[in-house]
Amino acid sequence: MQKNALERVTVIFTLFDRDGDGRLEAEDFEIMGADVVRAAPLSSEAARNTMRGAFERYWTTLAAELDADRDGTISFDEFTACVLAPERFDDTVREFAEALAALGDPDGDGLIERPVFLALMTAIGFEHDAINALFDAFGPSESDQITVPTWVAGIKDYYSPTKAGIPGDHLVTSGT
């Protein structure tokens, strides 16, 4: 596994652990889902429900696949397996990526504006400088927009154990 992938998974584990107890639980995903949906007031109710569902599926997949001791929580060591065996999580990550990008495109034009991207990524827990560095790495248009497929691909790359030097690395190297 690439060092970058382990750093990325460390960041996302910390962000998912909303109560800071060092373990992921269903409630952490409910809280983050609510935070992210709240950050998208212009998105349709259907898009917000899809996002909530993606967070729920993310949790249920993690619990089913990674909770080795069946205690209803996921430790950091258990969580790293999502990077070590990405094929077990491809569908879940794809669903999450598509739901988040769709939430970022409330007018359905296939483009995500920086302020919407910033709001959603802030709701997840990333720092503003890191978010802006990521957005810039995606190569925004002159009107400061990125495409939905660009963001979806970026999210999927973030979880890949073989990827290095990807835009998502800005979420680690710029600080969170």
Side-chain angles (χ1 to χ4, degrees), residues 1-40 51-68 72-104 112 117-135 137-138 150-176:
M1 173 172 47
Q2 294 279 342
K3 177 180 179 250
N4 302 72
L6 184 57
E7 291 171 344
R8 291 190 302 261
V9 80
T10 300
V11 168
I12 204 68
F13 180 88
T14 301
L15 296 176
F16 278 146
D17 183 14
R18 293 311 243 207
D19 62 8
D21 68 356
R23 304 188 72 69
L24 303 182
E25 304 154 307
E27 185 176 339
D28 292 319
F29 287 79
E30 292 168 15
I31 292 168
M32 183 181 278
D35 291 344
V36 170
V37 166
R38 197 172 19 262
M51 186 77 257
R52 285 183 198 99
F55 272 108
E56 184 178 319
R57 177 167 180 204
Y58 204 129
W59 167 251
T60 58
T61 301
L62 288 177
E65 296 286 335
L66 300 179
D67 187 7
T73 68
I74 306 293
S75 69
F76 177 74
D77 289 338
E78 289 171 326
F79 187 70
T80 58
C82 74
V83 170
L84 296 173
E87 66 280 355
R88 293 164 57 189
F89 300 94
D90 283 344
D91 290 341
T92 300
V93 169
R94 179 191 46 74
E95 179 184 341
F96 176 81
E98 290 173 357
L100 186 59
L103 205 61
I112 300 164
F117 184 86
L118 186 61
L120 292 172
M121 294 294 281
T122 299
I124 291 171
F126 294 106
E127 296 292 330
H128 285 236
D129 289 345
I131 298 165
N132 281 310
L134 173 61
F135 194 86
F138 283 146
T150 296
W151 197 11
V152 169
I155 294 168
K156 290 163 112 178
D157 285 350
Y158 191 88
Y159 286 90
S160 174
T162 60
K163 302 276 182 161
I166 61 169
D169 287 338
H170 288 283
L171 297 173
V172 175
T173 58
S174 293
T176 54

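- The closest side-chain heavy-atom distance from M51 to V36 is below 4.5 Å.
- We find the CG-OG1 distance between L24 and T14 to be 9.0 Å, quoted to the nearest 0.5 Å.
- Side-chain atoms of I74 and W59, non-hydrogen and from C-beta on, do get closer than 4.5 Å to each other.
- Not counting sequence neighbours, D28 has no partner by the side chain to side chain donor-acceptor pair (under 3.5 Å) test.
- Note on ring orientation: taking the six-membered ring where Trp is involved, the planes of F16 and F96 are perpendicular (angle over 60°, cut-offs 30° and 60°).
- In terms of heavy-atom proximity, A68 sits nearest to E78 at N-OE2, 3.0 Å.
- Counting only heavy atoms from C-beta outward, the side chains of L66 and F89 approach each other to under 4.5 Å.
- D17 and R23 are not joined by a salt bridge, as no carboxylate oxygen comes within less than 4.0 angstrom of a charged side-chain nitrogen.
- A 4.5 Å side-chain heavy-atom check between I12 and F126 finds at least one atom pair inside the cut-off.
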Item checked: Derivation and outcome, side-chain contact (heavy atoms from CB on, under 4.5 Å), residues W151 and L100 -> CA-CA 9 Å; W151 197 11; L100 186 59; 3.7 Å; yes
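- Separating the OG1 atom in T162 from the CG atom in D157 is a distance of 8.5 Å, to the nearest 0.5 Å.
- Between the OG1 atom of T61 and the CD atom of E56 there is a distance of 10.0 Å, given to the nearest 0.5 Å.
- Of all the heavy atoms in I31 and R18, the pair that sits closest is CG2-CG, 4.0 Å.
- Every salt bridge (charged side-chain N to carboxylate O under 4.0 Å, His left out) that E95 has, sequence neighbours left out, goes to R57.
- Rounding to the nearest 0.5 Å places CG of D67 at 10.5 Å from CD of E25.
- Looking at heavy atoms from C-beta onward, F55 lies out of side-chain contact with V37 at the 4.5 angstrom threshold.
- Counting heavy atoms from C-beta outward, V93 and Y158 have side chains that stay 4.5 Å or more apart.
- Here the CG-CD1 distance, from L103 to I112, works out to 9.5 Å after rounding to the nearest 0.5 Å.
- Taking all atoms of both residues into account, the shortest heavy-atom contact from A99 to A54 is CB-CB, 3.9 Å.
- Look at R94 and E98 and you find a salt bridge, because one of the NZ, NE, NH1 or NH2 atoms lies within 4.0 Å of a carboxylate O, short of that distance.
- Note: Y58 and F29 have tilted aromatic rings, judged against thresholds of 30 and 60 degrees for the angle between ring planes.
- Interatomic distance, NZ of K156 versus CG of D90, reported as 8.0 Å (0.5 Å rounding).
- Under the 4.5 Å side-chain criterion, counting only non-hydrogen atoms from C-beta, I166 is in contact with D169.
- Considering only heavy atoms from C-beta on, L118 comes within 4.5 Å of H128 through its side chain.
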### Check against side-chain contact (heavy atoms from CB on, under 4.5 Å), E65 and T92
CA-CA 12 Å; E65 296 286 335; T92 300; over 6 Å; no
